[in-house]
Undergrad: 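Sharing a structure, written as structure tokens. Questions coming.
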Amino acid sequence: MIKSRQIQRRQLVLIVDDYEINRDALGAILEDDYDIICAENGEEALKQMQDHLNDLSVVMLDLIMPVMSGFEVLETMKKDEQLKSIPVIVLTAEKDAELSALQMGAADFITKPFDQPEVIQARVGRIIELSEGRQLISSAERDQLTGLYTRNFFIEYANRLFKYHTEMKFDAVVINIEKFHTVNALHGRDFGDDVLKCIGSAISSFLTETDGIACRFEADSFAIYCVKQPDYRALLDRIQDEVNGLSEKVSIHLRMGVKPWSKGVNPLLQFDQARAACNKVRGNYKDPLMIYGTEMMEKELMDQRLFNDLKTAVESYQFKVYFQPKYSIQCDPPKLSSAEALIRWVHPDLGFISPDDFVPLFEGNGVIGVVDNFVWNETARQVRAWKDKYNFTLPVSVNLSRSDVLDPDLKNRLKRLIEDNGLTYDDIKIELTESAYTEDMKRVLEVIRGLRDMGFMIEMDDFGSGYSSLNMLSEMPFDVLKMDMKFVRNIEHSETDRRLVRLILDIAKCLDVKVVAEGVETEQQMQFLRENGCDLIQGYYFSRPLHPDDFEKLIEEEISIKR
Ligand code: C2E
Ligand code: MG
Ligand code: MG
């Protein structure tokens, strides 16, 4: 590690200048921190370098000198395998010479006269830092797979940059792969390794253009400590694009959290906050970037508030269950065939809150069961009421969360629901989102098989948004496939999406399951789906989710058509 090595020895600096007064001035500035040796011209300097090959940290090199100039020294060093890795800081009074010196491989330059000791100390320190970082990194300090630093080395290095280079302002960036274990499980470890390597190389390429360091922080998480970037979305897109190039068939989603530099915040805390930001956008494929700051703190406060308000909300009926109809479209006119129960929260102070704002939150902290229970009970009660009022049976599907699936009491809860309301297992259907199948797959499949054995119909929700592969599909027990909205959205504009929709319809036919297309909003979308054999449609084209009173009007219409 940098630290322990540095404690063992002081770094050695070679000052090369033909004027004694310059050597003395620089020596005085640096001698408290470094051991100093000197040379009067290029020839002497090269000799000193050979003599101190193993412990020379940096050369401070004047350009204009008798016998052998600094330019010639740089030229010689560049060609020498051993010397070329020693960093050189050029000392110059001529502005014009700087550029050529940098082009010849100098790491930095300092202008004469040496009247800003702190600046010189900082620049020397930084150059040594960066070059020692580079040189001292043995294979043990590099992650074998990605070539980035290891986590420990990275933290050590970041801490040093933070402590000794207060003139530099570094941001903390964390990148994570969504459901990486699933990618591994479905596509093999070799493919998983390719993904990690690809991200590593995209980050390395980015770091050639900017000051910074990076590591693989954990299995599927990366950390970058870099100077402020103008556009983090562009950085995320750039890395995501590289990953997209790996395979056409597999979609890998990255997410990013950033904690910008702020005074006095050390790297450990800064990375904790960047990681918290990154976790905030877990599963958010639409907007996978979060910058830690006011917006995030506001969201955290809001999340906390919603969490605190949950109990009262259930007790005081702030939650309402709305129903969105699903229509069979292979008959004329289309026929009301079932519905989906969707939760609505009308908060006394905050007004209408979309399920997208609280369902993932409550799923994350394990309390979604409370909401789902409420929805199931309300739904069962409503289906019973419609049976009694209209002598009309309309199966309604409820959404199951992942935590419901893993609840050992699930079967009993559902059994009681059916029995207490005097329903049959055909009256309530179950929707489970595709991605819930892919985590802990064995367990989930067992539960779902159990529910089907009880007599429930299972609908796979959001099909096409997650990670399921074709060979998994045949193993997954379900009766209805709900095609994700994104396919329908572009039917009118994209031939690829039309082909994909046809493909999904074909697959469903092979598996002998029905298809519900979600998010159907226009006549054209409806016609296309009908012509291509889609069975059912749910979407604004027919109706938005409705308050039960409004939904009754649809039932009444349906009954009057039948008569
Ligand atoms: P989902 O289960 O895929 O539900 C379908 C969502 O699509 C609903 O959003 C519905 O209002 C919306 N939708 C339907 N037709 C259209 C259309 O034509 N255009 C557009 N733009 N949207 C349409 P909603 O109600 O906001 O629910 C969002 C998600 O929240 C649901 O997605 C589901 O994952 C979750 N959710 C809703 N209610 C519950 C619940 O009771 N329990 C659980 N666990 N999750 C729920
Ligand atoms: Mg659903
Ligand atoms: Mg859906």
Side-chain angles (χ1 to χ4, degrees), residues 151 171-187 192 195-196 199 203 216-224 232-233 235-237 239-240 243-244 250-260 269-307 310 353-369 371-372 399-406 432-441 444 461-462 464-468 484-486:
R151 173 194 173 130
D171 290 354
V173 181
V174 170
I175 297 172
N176 223 303
I177 308 170
E178 293 284 354
K179 300 194 186 215
F180 186 59
H181 56 279
T182 312
V183 175
N184 268 333
L186 291 180
H187 307 288
V195 173
L196 296 170
I199 297 172
I203 292 175
R216 182 149 74 109
F217 206 81
E218 275 157 7
D220 64 339
S221 127
F222 295 80
I224 309 175
Y232 281 102
R233 204 165 292 274
L235 176 59
L236 176 58
D237 287 348
I239 302 171
Q240 178 74 58
V243 175
N244 292 348
V250 186
S251 38
I252 310 286
H253 301 273
L254 303 182
R255 61 177 194 270
M256 180 186 277
V258 180
K259 170 63 176 73
L269 176 58
Q270 205 184 345
F271 274 100
D272 277 350
Q273 294 171 333
R275 204 164 318 110
C278 191
N279 288 339
K280 270 270 165 278
V281 283
R282 185 193 302 275
N284 188 342
Y285 298 173
K286 283 186 213 139
D287 193 8
L289 170 71
M290 174 67 84
I291 312 276
Y292 190 99
T294 345
E295 191 191 336
M296 180 167 153
M297 280 190 289
E298 275 167 12
K299 176 147 175 47
E300 274 182 346
L301 286 176
M302 177 58 91
D303 285 356
Q304 190 60 45
R305 165 146 198 207
L306 296 182
F307 181 71
L310 172 63
I353 310 173
S354 156
D356 289 331
D357 290 332
F358 64 85
V359 169
L361 168 72
F362 291 161
E363 273 175 348
N365 49 27
V367 292
I368 191 68
V371 177
D372 285 341
N399 289 284
L400 236 66
S401 301
R402 210 185 125 65
S403 58
D404 296 320
V405 177
L406 300 179
L432 185 63
T433 181
E434 180 195 25
S435 59
Y437 281 81
T438 50
E439 258 172 83
D440 202 356
M441 193 166 162
V444 174
D461 209 351
D462 312 316
S465 66
Y467 287 96
S468 45
D484 195 64
M485 261 182 238
K486 72 174 179 213

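Values below: every heavy atom of this structure, side chains too, minus hydrogens, waters and symmetry copies. Everything numeric in this text was worked out from a predicted model, so none of it was measured.
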Undergrad: Sequence neighbours left out, what passes side-chain contact (heavy atoms from CB on, under 4.5 Å) with Asp272? Give chain and number order.
TA: Arg275

Undergrad: Under the side-chain hydrogen bond (donor to acceptor under 3.5 Å, both in side chains) rule, collect the residues that match up with Asn399, sequence neighbours excluded.
TA: Glu340

Undergrad: Which residues pass the side-chain hydrogen bond (donor to acceptor under 3.5 Å, both in side chains) test with Glu363, sequence neighbours left out?
TA: Ser401

Undergrad: Does atom CD of Glu300 have more than 12 heavy-atom neighbours, drawn from other residues, nucleotides or ligands, at distances under 6.0 Å?
TA: yes

Undergrad: Taking side-chain hydrogen bond (donor to acceptor under 3.5 Å, both in side chains) as the definition, give me every residue that meets it alongside Asn176, ordered by chain and number, with sequence neighbours left out.
TA: none

Undergrad: What residues, two or more places apart in sequence or in another chain, satisfy ring pair (Phe, Tyr, Trp, His ring centres under 6.0 Å) together with Tyr292?
TA: none

Undergrad: What is the distance from atom CG of Leu235 to atom CD1 of Ile224, rounded to the nearest 0.5 Å?
TA: 5.5 Å

Undergrad: Do Arg402 and Val444 come close enough that some side-chain heavy atom pair is under 4.5 Å?
TA: yes

Undergrad: Is there a side-chain contact between Phe180 and Ile252, using heavy atoms and a 4.5 Å cut-off?
TA: no

Undergrad: To the nearest 0.5 angstrom, please state how far the CD1 atom of Ile291 sits from the NZ atom of Lys280.
TA: 15.0 Å

Undergrad: Quick one, Ile177 and Val243 - any side-chain contact, counting heavy atoms below 4.5 Å?
TA: no

Undergrad: Considering residues at least two apart in sequence or located in another chain, which fulfil the side-chain contact (heavy atoms from CB on, under 4.5 Å) criterion with Pro360?
TA: none

Undergrad: For Ala274, enumerate each residue passing the side-chain contact (heavy atoms from CB on, under 4.5 Å) test, keeping only those at least two apart in sequence or located in another chain.
TA: Ala172, Val174, Lys259

Undergrad: Say you draw a straight line from CD of Glu298 to CZ of Arg305; how long is it, rounded to the nearest 0.5 Å?
TA: 13.5 Å

Undergrad: Minimum heavy-atom separation for Ile353 to Phe358, with atom names?
TA: O-CE2, 3.5 Å

Undergrad: Under a 3.5 Å distance rule, please check whether Glu434 uses its side chain to pair with a backbone N or O of Gly464 as donor and acceptor.
TA: yes

Undergrad: Strictly by salt bridge (Lys or Arg N to Asp or Glu O under 4.0 Å), give each pair with a member in residues 281-292 just once, sequence neighbours left out.
TA: Arg233-Asp287

Undergrad: Partners of Asn244 by side-chain hydrogen bond (donor to acceptor under 3.5 Å, both in side chains), sequence neighbours excluded?
TA: Gln240

Undergrad: Is any side-chain heavy atom of Ile239 less than 4.5 Å from a side-chain heavy atom of Phe222?
TA: no

Undergrad: Please report the closest heavy-atom contact between Gly369 and Asp404, naming both atoms and the distance.
TA: CA-OD1, 3.8 Å

Undergrad: Nearest 0.5 Å please: distance from the CG atom of Leu306 over to the CG atom of Leu301.
TA: 11.0 Å

Undergrad: Going by heavy atoms in the side chains, are Met290 and Asn284 under 4.5 Å from each other?
TA: no

Undergrad: Check this for me: Met296, atom CE, are more than 12 non-hydrogen atoms of other residues, nucleotides or ligands nearer than 6.0 Å?
TA: yes

Undergrad: Of all residues at least two apart in sequence or in a different chain, which pass the salt bridge (charged side-chain N to carboxylate O under 4.0 Å, His left out) check with Glu218?
TA: Arg151

Undergrad: Taking only residues two or more places apart in sequence or in another chain, which ones pass salt bridge (charged side-chain N to carboxylate O under 4.0 Å, His left out) with Asp372?
TA: none

Undergrad: Where do Phe307 and Phe362 come nearest, in terms of heavy atoms and distance?
TA: CA-CE2, 3.8 Å

Undergrad: Can you name the closest pair of heavy atoms from Asp171 and Tyr232 and give their distance?
TA: OD2-OH, 2.7 Å

Undergrad: State, yes or no, whether a side-chain contact exists between Leu236 and Leu254 at a heavy-atom distance under 4.5 Å.
TA: yes

Undergrad: Less than 4.5 Å apart, any side-chain heavy atom of Leu289 and any of Val281?
TA: no

Undergrad: Which residues satisfy the salt bridge (charged side-chain N to carboxylate O under 4.0 Å, His left out) test with Asp220, sequence neighbours excluded?
TA: none

